[in-house]
Amino acid sequence: MSSSSSCSLLLPFFLIIFSCFIALSSSRRSLIDHPPPTNLPRSGFRLTLKHVDYGKNLTKIQKIQRGITRGSHRLNRLGAAAVLAVASGPDDTNNIKAPTHGGSGEFLMDLAIGNPPVKYSAIVDTGSDLIWTQCKPCTECFDQPTPIFDPKTSSSYSKVGCSSGLCDALSRSSCNQDKGACEYVYTYGDYSSTRGILAMETFTFDDQNSVSGIGFGCGDENKGDGFSQGSGLVGLGRGPLSLISQLKETKFSYCLTSIEDSEASSSLFIGSLASNIVKKSGASLAGEVTKTMSLLRNPNQPSFYYLDLQGITVGSKRLSIEKSTFELAEDGTGGMIIDSGTTITYLEEAAFKALKKEFTSRMSLPVDDSGSTGLDLCFTLPSNVKKIAVPKLIFHFKDADLELPGENYMVADSSTGVLCLAMGSSNGMSIFGNVQQQNFNVVHDLEKDTVSFVPTECGKL
């Protein structure tokens, strides 16, 4: 997506919104004594992702505003929890509370649990680890779109003992002697929570790949409205309890289509299929180059995927930003995470101000100050315009320069007559959001600690 020009041609488009909960605490250790699940497909497998607003009668701008609202709530909770994590050291017993997570989810995957299998939909979450669903008998459960799982009807259900590596991997667990099982508690930043028994089950993916021996939370006390889009959650974070870690897979990817594409689906790939699906399908964009960069680790937030951002170019100008702006500090604050669960990209406030100023000076359109979209920078669109030239945007990471296509950072809406920058400001942590990731196959290689952006027509996969 390179060009000698300092402008990018922006065609009419929509935003793609992908989301998941952001986990703000971690599992304790790797599952050294937990055997891997069985019946793993050798080549990996593919799962279809469906947006939570799919099929709803919403305009483009309404979908954008809903995603931004969910993302901003999560961002605020994330910042507050990061400060708390720094204030309380790892040996501070006052900090041993139920782990805190972010906001509500955006994308769902279909799967089935048990034997015989019971189908349900779950929120996909790259920012946390635990897999869980609601279980009978419920002490307190939220309304969900599918029947609540009854473990008594499954021949493959088994409780996890208190001495199990799965139980020890939880950031908080207790032993229920009466039930002879490990109990878990997860608390979310909006005061939603799930509590229940840790168990093992057979999960079926894509109606054909059944994998036994997967640890999950069987929640019988679940509070709040942050989960109502689905019937539970599937964590894809770096921690030991995530689906990726339990499957002993080293690669996964997601490919997000533009939200204006009402026919094609976004996809999640697990296993070796993640890195070769684009070549096999012929969906790669001609002339474009894959960009691969290293992932950083944060001991305070080990589930997150951190990027090493070193600078930003707008048009032909590299912004004057302090080197420390995007650095991950020794105390675990700051840095930039790549998040499939936050709609737009958020930059530390000083960096965003510099970017906003440069964009404003390079655009030939008048600024729209109405604030009607919820975005920080918008311009008034001339009537009957099909193509708009916008400044190029390049993110300079340690190992690669990633130039984005115009539709991945500018949002046009003809019904309201505005063109907006799909980015915002934050305090402390920066987030590389999913709008910037659309029409890339974003490959996470957990063995090499890298993430690759493969330019892809995701709707053709």
Side-chain angles (χ1 to χ4, degrees), residues 8 10-19 22 51-53 56-80 102-104 106 189-190 258-260 312 314-315 319 321 325 339 341-386 388-391 393 404 406-436 438:
S8 176
L10 178 69
L11 302 179
F13 57 84
F14 293 78
L15 281 175
I16 181 71
I17 305 171
F18 180 116
S19 187
I22 292 181
H51 190 264
V52 295
D53 287 332
K56 296 179 181 178
N57 186 23
L58 299 171
T59 65
K60 291 182 294 185
I61 200 67
Q62 286 172 334
K63 292 178 181 178
I64 293 167
Q65 290 168 335
R66 287 163 66 92
I68 291 173
T69 298
R70 289 185 289 255
S72 62
H73 289 171
R74 183 170 53 255
L75 179 69
N76 292 335
R77 289 190 288 268
L78 175 60
S104 57
E106 304 281 325
D190 58 359
S258 298
I259 207 169
E260 65 182 344
I312 300 173
V314 175
L319 302 179
I321 302 173
T325 302
D339 180 32
T342 301
T343 306
I344 63 174
T345 286
Y346 291 92
L347 299 176
E348 193 278 329
E349 188 174 7
F352 180 74
K353 284 183 178 179
L355 182 141
K356 180 178 178 180
K357 181 179 179 181
E358 190 62 26
F359 255 96
T360 302
S361 69
R362 289 178 176 270
M363 290 291 292
S364 58
L365 301 176
V367 173
D368 177 86
D369 293 321
S370 66
S372 60
T373 65
L375 287 160
D376 284 278
L377 180 61
C378 293
F379 303 93
T380 302
L381 276 174
S383 58
N384 301 320
V385 171
K386 294 184 178 180
I388 296 291
V390 299
L393 179 61
L404 299 179
E407 60 266 27
N408 282 32
Y409 57 93
M410 299 299 290
V411 181
D413 188 78
S414 58
S415 63
T416 55
V418 294
L419 173 67
C420 302
L421 177 66
M423 299 177 71
S425 64
S426 63
N427 289 311
M429 177 182 285
S430 297
I431 301 176
F432 196 74
N434 63 63
V435 171
Q436 284 64 47
Q438 63 185 4

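Values reported hereafter were calculated over all heavy atoms of this structure, with side chains retained and with hydrogens, waters and symmetry mates removed.
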**Q** Closest heavy-atom contact between T373 and C378?
**A** OG1-SG, 3.2 Å
**Q** Who pairs with D376 by side chain to side chain donor-acceptor pair (under 3.5 Å), at least two apart in sequence or on another chain?
**A** none
**Q** First locate atom CD of Q438, then atom CG of L404, and finally report the distance between them rounded to the nearest 0.5 Å.
**A** 9.5 Å
**Q** Can you confirm whether M363 sits close enough to L377 that some side-chain heavy atom of one is under 4.5 Å from a side-chain heavy atom of the other?
**A** no
**Q** Among all residues two or more places apart in sequence or in another chain, which pass the side chain to side chain donor-acceptor pair (under 3.5 Å) test with S370?
**A** D368, S372
**Q** How close do L375 and C420 get, heavy atom to heavy atom, and via which atoms?
**A** CD1-CB, 3.4 Å
**Q** Is a side-chain N or O of Q436 found less than 3.5 angstrom from the main chain of M423, in a donor-acceptor match?
**A** no
**Q** What's the separation between atom CZ in R66 and atom NE2 in H51, rounded to the nearest 0.5 Å?
**A** 8.5 Å
**Q** Would you mind reporting whether D339 and Y346 have side-chain heavy atoms less than 4.5 Å apart?
**A** no
**Q** Specify the closest pair of heavy atoms between P391 and V314, including all atoms of both residues, with the distance to one decimal.
**A** CB-CG1, 3.9 Å
**Q** For residues T360 and V367, report the shortest heavy-atom separation together with the two atoms involved.
**A** CG2-CG2, 3.9 Å
**Q** Decide yes or no for Y409 and V435: does some side-chain heavy atom of the first lie under 4.5 Å from some side-chain heavy atom of the second?
**A** no
**Q** Tell me every residue that passes side chain to side chain donor-acceptor pair (under 3.5 Å) with E358, counting only those two or more places apart in sequence or in another chain.
**A** R362
**Q** Looking only at non-hydrogen atoms, find the nearest pair between G424 and I344 and report the distance.
**A** N-CD1, 3.9 Å
**Q** Nearest 0.5 Å, what's the CG-CG distance between L355 and L393?
**A** 6.0 Å
**Q** Examine distances only and state if a side-chain atom of N434 and a backbone atom of T342 form a donor-acceptor pair shorter than 3.5 Å.
**A** yes
**Q** Mind listing the closest non-hydrogen atom pair of V411 and A422 along with its distance?
**A** CG2-CB, 3.7 Å
**Q** Roughly how far, to the nearest 0.5 Å, is CG of L319 from OG1 of T325?
**A** 10.5 Å
**Q** With rounding to the nearest 0.5 angstrom, report the CD to OG distance, E348 to S426.
**A** 6.5 Å
